[in-house]
Amino acid sequence: MPTQNSGQWRRKSNRGLIIGLFGFCLGLFGIVYGMFWEDIFNWIKHKEMALAPDTRVYQNWKTPPMELHLDIYLYNWTNPEEFGNLSSKPILQQLGPYRFIDRPDKVNISWHPSNNSVTYRRRSLYYFDAAGSAGSLDDEITTLNAVALSAAATAKYWSPVKRSMVDVGLKLYGQEMYVTKTVDEMLFTGYSDPMIDVAMAMPIFGDDVKVPFDKFGWFYTRNGSADLTGVFNVFTGVDDLAKLGQMHSWNYQTHTGFFDSYCGLANGSAGEFQPQQPQPGGSVGLFTPDMCRTLPLDYAETQEIEGLQAYKFAGGARSVDNGTIYPENLCFCGGECVPSGVMNISSCRFGSPVFMSYPHFYNADPFYVDQVEGLQPNKEQHEFYMVVEPSTGIPLEVAARFQVNMLVEPIEGIALYQDIPRIFFPLIWFEQKVRITPDLADQLKLLPLVLLSGHIFAGVCLAVGLIMLLWMPVHQLLAWCQTREYDVKMQHKSNGHYKSRSQFSSAEELKSKASTLVCEKSAGATPDSSPLLERNRKATVLMSKSQTGDSMATASTALSETADGKQD
């Protein structure tokens, strides 16, 4: 029949087998989970970051949660009467900022699953922020007469007859080289001009003259309008997250038509997202509808924004070159190749001689700064840059800064523009700077922590699984070592007279020998040779003669009977 010990051993063996099997499964799970956790993480991130009505980033993309400001600076021309005097330069005084709160939104949203893209328009509402401004909308500004200059520049390449008609119109309506208007009129409200009214009422010049507005103002009709910046079509990133927010087409065309070759492609980012995993030393592209082109930004340095490591991409000399320094930019020349530092966007601005640059001609050829007085370009205030978090491609900080300049030059047949110097005249510059909020930054900080915690979890599963898998073998090894240690001790104590535990033929024999050793230990512990010692020795002889090995109680009984016999 199976003994109690064998049943207990069997139960322990079954428990060890179960624990080992569970440990093997847990360790295998840890290995597989660790191998595929990053893929699982990227899949989850892909699902959450791709543009769709039900994803996490959609609402932030549609209506940015950060408060946006548009700061506008205007140049006040203090010596317009001296413009014809070639010995003096235009003296400009910068006024501003005139700050407006910008609340953007995206409207007319249409999804296109066939190519994983979305079409939309941009709309913004602007509110004047008097507290954040360094001036009032009632401030008066003297600046270049952009309406008269646009009319004259448009007629520059016309026939002498048609050009003379423009000259007559300028004289008839008393046009001057400059105008004085309020800041409000120069920006959003706009101001009327008889030249605009005549051009709209009498379109005698046909398609040669395009009058898009009934008033002139740098931001006229922009407040609340969704039409000025055109129709965007960007990739949603559903099929490939690297394409998230990248331009597919603008105004339903993949080529803008305003620049030749690849310079006219509608590519780069629409602004909200940049390609993920940009590399130091690389570049990113930003499509700007107001210039009808993509602006390249080159890597500048690595920065920390709200505790996040990010890459700064800035607009350098390459961004505003037109082939003078970088031959690949020659197609941006636009028919008017000028020294590096300004971008000719005349074709994008209805033929007006508009040239864009960074504020105060920052990063431009000194030729431009030397033409006027009052400009002081510096990096901190005038650099265009974008700081991008590399793992998501989300901009953490953006400072979009541009300056509008108009080319003033002699035009044959136009009296107002004869005997004048050729100058790229600065008129206005604006800045839109935004920085990620601490709350949004904290959400981005969780992404690497989640990835790391997944790897830690896989490691813990593997470690616990190995411990459970090795528990039974280790336990048996320790038990064998303890038994071995006990046997060695017993052999030393008996001086070789007794066998080790493994040498006994049965449990009864082991029990008998254990009782004998106990008695011998008791006998050997008496320090003298008194009669009591003799009696103890007899008890030992009795025990040695008795081979029953029943129990230690037998030895005690024999000892008592011997003691009684002596007494008798």
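Residue indices begin at 1 and follow the sequence shown. The basis for the numbers below is simple: all heavy atoms, side chains too, and nothing from hydrogens, waters or symmetry mates. As the structure is a prediction and not an experimental result, all values here were calculated from the model.
Aromatic rings from W218 and F216 are positioned such that their centres are separated by under 6.0 Å. Outside the 6.0 Å centre-distance limit, the rings of Y98 and F128 are not counted as a close aromatic pair.
A donor-acceptor contact closer than 3.5 angstrom links the side chains of N145 and Q175. A donor-acceptor contact under 3.5 angstrom links the side chains of T142 and T180, judged on distance only. Judged by distance alone, the side chains of E397 and Y385 do bring a donor and an acceptor atom under 3.5 Å apart. Side-chain polar atoms of Q93 and W77 form no donor-acceptor pair below 3.5 angstrom. Looking only at atom types and distance, the side chain of Y75 has a donor-acceptor partner in the side chain of Q403 under 3.5 Å away. Donor-acceptor pairing under 3.5 Å is lacking for the side chains of Y157 and T154. Using modelled atom types, one finds a donor on one side chain and an acceptor on the other under 3.5 Å when comparing T324 with N322. With hydrogens and angles left out, the side-chain atoms of D184 and T189 include a donor and acceptor closer than 3.5 Å.
Listed by chain and residue number, F402 satisfy the ring pair (Phe, Tyr, Trp, His ring centres under 6.0 Å) test with F384 (two or more places apart in sequence, or in another chain). The ring pair (Phe, Tyr, Trp, His ring centres under 6.0 Å) search around Y220 returns none, not counting sequence neighbours. Annotation: ring pair (Phe, Tyr, Trp, His ring centres under 6.0 Å) contacts of H248 (sequence neighbours excluded): F235. Under the ring pair (Phe, Tyr, Trp, His ring centres under 6.0 Å) criterion, Y120 pairs with W61, F232, sequence neighbours left out.
Proximity of Y178 to L144: side-chain heavy atoms (C-beta onward) are nowhere separated by under 4.5 Å. Taking 4.5 Å as the limit, some side-chain heavy atom of I109 sits within range of a side-chain heavy atom of K62. A heavy-atom distance below 4.5 Å is found between the side chains of I414 and L170. Side-chain contact between Q303 and I305 is present, with heavy atoms from C-beta onward closer than 4.5 Å.
Heavy-atom neighbours of R123 CZ from other residues, nucleotides or ligands within 6.0 Å: at or below the threshold of 12. The number of heavy-atom neighbours closer than 6.0 Å to NZ of K445, taken from other residues, nucleotides and ligands shown, is above 12. Summarising the local packing, CD of Q376 is surrounded by 12 or fewer heavy atoms from other residues, nucleotides or ligands at distances under 6.0 Å.
Interatomic distance, CG of L295 versus CZ of F313, reported as 13.5 Å (0.5 Å rounding). Atom OG1 of T143 sits about 8.0 Å away from atom CD1 of I141, to the nearest 0.5 Å. Put simply, CG on L440 and CD on Q443 are 5.5 Å apart, with the number rounded to the nearest 0.5 Å. A distance of 14.0 Å separates CD1 of I423 from CE of M406, quoted to the nearest 0.5 Å. The distance from the NZ atom of K215 to the OG1 atom of T221 is 11.5 Å, given to the nearest 0.5 Å. Going from atom CG of L74 over to atom CD of E140 covers 13.0 Å, rounded to the nearest 0.5 Å.
Taking every heavy atom of both residues into account, Q94 and Y73 meet most closely at NE2-CD2, 3.5 Å. What you find for S117 and N233 is that their closest heavy atoms are OG-ND2, 3.2 Å. Listed here is the closest heavy atom pair of K47 and T55: O-CG2, 3.4 Å. In terms of heavy-atom proximity, G230 sits nearest to N251 at CA-OD1, 3.2 Å. The two residues A148 and Y417 come nearest to each other via the heavy atoms C-OH, 3.4 Å. Nearest approach of F273 to G245, heavy atoms of both residues: CD1-CA, 4.2 Å.
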Between T294 and N267, is the side-chain hydrogen bond (donor to acceptor under 3.5 Å, both in side chains) condition met? List the steps.
CA-CA 7 Å; T294 299; N267 54 16; 2.8 Å; yes
What verdict does the side-chain contact (heavy atoms from CB on, under 4.5 Å) test give for R422 and Q371, after you've listed the backbone C-alpha separation in whole Å, the side-chain angles of each residue and the deciding distance to 0.1 Å?
CA-CA 9 Å; R422 188 174 189 266; Q371 288 188 318; 5.7 Å; no
side-chain contact (heavy atoms from CB on, under 4.5 Å) between I428 and I72: does it pass, once the steps are laid out?
CA-CA 7 Å; I428 180 177; I72 302 174; 3.5 Å; yes
Please determine whether side-chain hydrogen bond (donor to acceptor under 3.5 Å, both in side chains) holds for the pair S346 and N344, giving the CA-CA distance in whole Å, both sets of side-chain angles, and the decisive distance to 0.1 Å.
CA-CA 6 Å; S346 301; N344 185 359; 2.7 Å; yes
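Between R163 and D167 there is no salt bridge, since none of the side-chain N atoms of the basic residue sits less than 4.0 Å from a carboxylate O of the acidic one. The pair E48-R56 meets the salt-bridge criterion, since a charged nitrogen lies less than 4.0 angstrom from a carboxylate oxygen. Between E272 and K106 there is a salt bridge, since at least one side-chain N of the basic residue sits less than 4.0 Å from a carboxylate O of the acidic one. Looking at E409 and K156, a side-chain N of the basic residue comes within less than 4.0 Å of a carboxylate O on the acidic one, giving a salt bridge.
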List, one per line, each side-chain donor-acceptor pair under 3.5 Å for residues 282-292, sequence neighbours excluded.
| residue | atom | partner | partner atom | Å |
| --- | --- | --- | --- | --- |
| T288 | OG1 | R293 | O | 3.1 |
| D290 | OD1 | R222 | NH2 | 3.2 |

Tell me which donor-acceptor pairs under 3.5 Å the side chains of residues 256-264 have, and how far apart each pair is, sequence neighbours excluded?
| residue | atom | partner | partner atom | Å |
| --- | --- | --- | --- | --- |
| T256 | OG1 | F258 | N | 3.3 |
| T256 | OG1 | G264 | O | 3.1 |
| Y262 | OH | E328 | O | 2.6 |

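Listed for the N116 side chain is no donor-acceptor partner under 3.5 Å among the backbone atoms of T236. Looking only at distances, no side-chain donor or acceptor of W158 sits under 3.5 Å from a matching main-chain atom of V166. Within the 3.5 Å criterion, the main-chain N or O of E380 finds no donor-acceptor partner in the side chain of E383. With N60 contributing its side chain and V57 its backbone, the two residues share no donor-acceptor pair below 3.5 Å. Side chain of H360 to main chain of L375: no donor-acceptor pair is present (N/O by atom type, distance under 3.5 Å, no hydrogens or angles). Under a 3.5 Å cut-off, the side chain of S110 and the backbone N or O of T119 do not form any donor-acceptor pair. For D71 (side chain) and R99 (main-chain N/O), no donor-acceptor pair under 3.5 Å exists by modelled atom type. Remark: the backbone N or O of G271 is paired with a side-chain donor or acceptor of S269 at under 3.5 angstrom. Judged purely by atom type and a 3.5 angstrom limit, S124 has no side-chain atom pairing as donor or acceptor with the backbone of D102. A donor-acceptor pair is defined here as one N or O able to donate and one able to accept, closer than 3.5 Å; no such pair exists between the side chain of Y311 and the backbone of E389.
Aromatic ring orientation, F430 versus F219: perpendicular (interplanar angle above 60°, classes split at 30° and 60°). Taking the six-membered ring for Trp and thresholds of 30 and 60 degrees, F424 and F355 have ring planes more than 60 degrees apart, a perpendicular arrangement.
The cationic atom of R103 (NZ for Lys, CZ for Arg) lies less than 6.0 Å from the six-membered ring centre of Y127 and within 45° of the ring axis.
Checking each of F367, F425, Y368 against F361 for a ring-ring contact (aromatic ring centres under 6.0 Å, His included) leaves exactly one that passes, namely Y368.
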